Amino acid sequence: VFIAFGRDEWGGKWFEMLASLHNTPVCSPILINACGGLAEPNDIAKATLLHLSDHGDWTQWLMAAGAHDVDPAQGIVFSDMHLVIAAALAGQGIAIGDPIIAGGALSAGRLVRPFPLAIRAPSSYYLVADRGRMKQPLVRAFRAWIKGRLAATAANQEA
């Protein structure tokens with residue numbers, strides 16, 4: 001049993017979507033001050049973009065925001081989302097974050113959302129398991145627990 005991030009491609013295994021995500025820019029309040037503020041999406045060009053794996057995340061958000069003056073290919077590409085968020089926390093740039101990975105830092109004020117626009121992420125979090133394991137009591141208990149934790153996290157972010 002494992003939690004995976006992707007697009008429901010789990011090759012014959014049982015899977016269940018745990019969370020559908022919406023992505024939004026997140027950054028340190030220090031970065032906003034350092035670059036003289038972010039009044040509109042095109043102002044993102046003043047900062048370094050932080051990417052996960054490729055430039056697709058920023059390309060989608062910038063297009064949806066109408067920020068045509070920002071090059072979505074500029075910035076730093078990381079292989080792990082935790083590194084992206086760590087760089088954003090350190091004021092090294094602006095990341096595209098989701099409420100699960102960035103939620104704690106957003107709640108604590110260590111990261112902020114400079115713009116309200118959030119777009120549906122192409123990938124989601126899934127619970128994945130071999131089909132025969134889903135009837136095991138421990139697996140059923142884990143499934144109930146993780147779903148409860150995610151529901152509590154979502155409720156805290158809406159409050």
Side-chain angles (χ1 to χ4, degrees), residues 2-10 15-128 142-143 145-159:
F2 59 96
I3 296 172
F5 184 73
R7 299 182 184 181
D8 73 13
E9 303 160 354
W10 311 113
F15 63 89
E16 175 181 20
M17 184 186 294
L18 292 173
S20 152
L21 304 173
H22 286 82
N23 290 333
T24 188
V26 295
C27 64
S28 165
I30 295 167
L31 177 83
I32 292 175
N33 291 333
C35 68
L38 299 171
E40 63 170 58
N42 277 317
D43 289 343
I44 289 175
K46 298 186 232 178
T48 300
L49 300 183
L50 305 174
H51 304 274
L52 175 63
S53 302
D54 60 28
H55 304 117
D57 49 2
W58 273 109
T59 299
Q60 289 179 325
W61 191 89
L62 292 166
M63 190 179 312
H68 305 292
D69 296 340
V70 182
D71 177 6
Q74 70 93 352
I76 304 167
V77 179
F78 295 87
S79 62
D80 182 276
M81 189 62 189
H82 296 285
L83 297 174
V84 174
I85 296 301
L89 286 164
Q92 295 177 349
I94 304 176
I96 292 289
D98 69 61
I100 291 176
I101 294 293
L106 286 165
S107 295
R110 294 180 306 148
L111 289 178
V112 295
R113 292 178 57 185
F115 305 103
L117 176 65
I119 61 169
R120 185 174 175 93
S123 297
S124 301
Y125 290 100
Y126 291 85
L127 182 64
V128 183
F142 176 73
R143 178 181 178 212
W145 175 81
I146 194 70
K147 289 174 75 172
R149 293 291 300 157
L150 288 169
T153 298
N156 286 340
Q157 289 169 2
E158 292 172 7

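Quick note: residue numbers are just sequence positions, from 1. Since this is a predicted model, take the numbers as computed values, not measurements.
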Straight-line distance of [X] [atom1] to [Y] [atom2], nearest 0.5 Å:
{"X": "R149", "Y": "L18", "atom1": "CZ", "atom2": "CG", "result": "13.5 Å"}
{"X": "F2", "Y": "W10", "atom1": "CZ", "atom2": "CH2", "result": "6.5 Å"}
{"X": "L52", "Y": "D80", "atom1": "CG", "atom2": "CG", "result": "7.5 Å"}
{"X": "L31", "Y": "L111", "atom1": "CG", "atom2": "CG", "result": "10.5 Å"}
{"X": "L38", "Y": "R113", "atom1": "CG", "atom2": "CZ", "result": "14.0 Å"}

Any side-chain heavy-atom pair of [X] and [Y] under 4.5 Å:
{"X": "L21", "Y": "Y125", "answer": "yes"}
{"X": "P114", "Y": "C27", "answer": "yes"}
{"X": "H68", "Y": "M63", "answer": "no"}
{"X": "V26", "Y": "I85", "answer": "yes"}
{"X": "S53", "Y": "F78", "answer": "no"}

Any residue meeting side-chain contact (heavy atoms from CB on, under 4.5 Å) with [X], in chain and number order, not counting sequence neighbours:
{"X": "L49", "answer": "I44, H51, W58, L62, V70, Q74"}
{"X": "D54", "answer": "none"}
{"X": "S123", "answer": "F5, R7"}
{"X": "I30", "answer": "S28"}

Of all the heavy-atom pairs spanning [X] and [Y], show the shortest one and how long it is.
{"X": "P29", "Y": "G109", "result": "CG-O, 3.6 Å"}
{"X": "L117", "Y": "A64", "result": "CD2-C, 3.8 Å"}
{"X": "H22", "Y": "A118", "result": "CB-CB, 4.0 Å"}

Discussion item. Which residues pass the salt bridge (charged side-chain N to carboxylate O under 4.0 Å, His left out) test with E40, not counting sequence neighbours?
Written reply: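 Counting only residues at least two positions away or on another chain, E40 forms no salt bridge (charged side-chain N to carboxylate O under 4.0 Å, His left out).
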Discussion item. Please enumerate all residues that pass salt bridge (charged side-chain N to carboxylate O under 4.0 Å, His left out) together with R110, with sequence neighbours excluded.
Written reply: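 Per chain and number, R110 pairs via salt bridge (charged side-chain N to carboxylate O under 4.0 Å, His left out) with no residue.
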Worksheet item: Between L127 and F15, does a side-chain contact (heavy atoms from CB on, under 4.5 Å) hold up when you go through it step by step?
Response: CA-CA 5 Å; L127 182 64; F15 63 89; over 6 Å; no
Item to complete: Sort and list the pairs that fulfil salt bridge (charged side-chain N to carboxylate O under 4.0 Å, His left out) and have at least one residue in residues 19-28, not counting sequence neighbours.
Response: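 Qualifying pairs: none.
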Show me the side-chain donor-acceptor pairs of residues 86-105 shorter than 3.5 Å, one per line, residues at least two apart or across chains.
from: D98; atom 1: OD1; to: I100; atom 2: N; distance (Å): 2.7
from: D98; atom 1: OD1; to: I101; atom 2: N; distance (Å): 2.8

Discussion item. For N23 and R120: C-alpha separation, side-chain torsions, deciding distance, then whether side-chain contact (heavy atoms from CB on, under 4.5 Å) applies.
Written reply: CA-CA 6 Å; N23 290 333; R120 185 174 175 93; over 6 Å; no
Fill in: Those residues that, when tested against K46, pass side-chain hydrogen bond (donor to acceptor under 3.5 Å, both in side chains) (two or more places apart)
none
Fill in: Residues forming a side-chain hydrogen bond (donor to acceptor under 3.5 Å, both in side chains) with T48, sequence neighbours excluded
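If we apply the side-chain hydrogen bond (donor to acceptor under 3.5 Å, both in side chains) test to T48, skipping adjacent residues, there are no hits.
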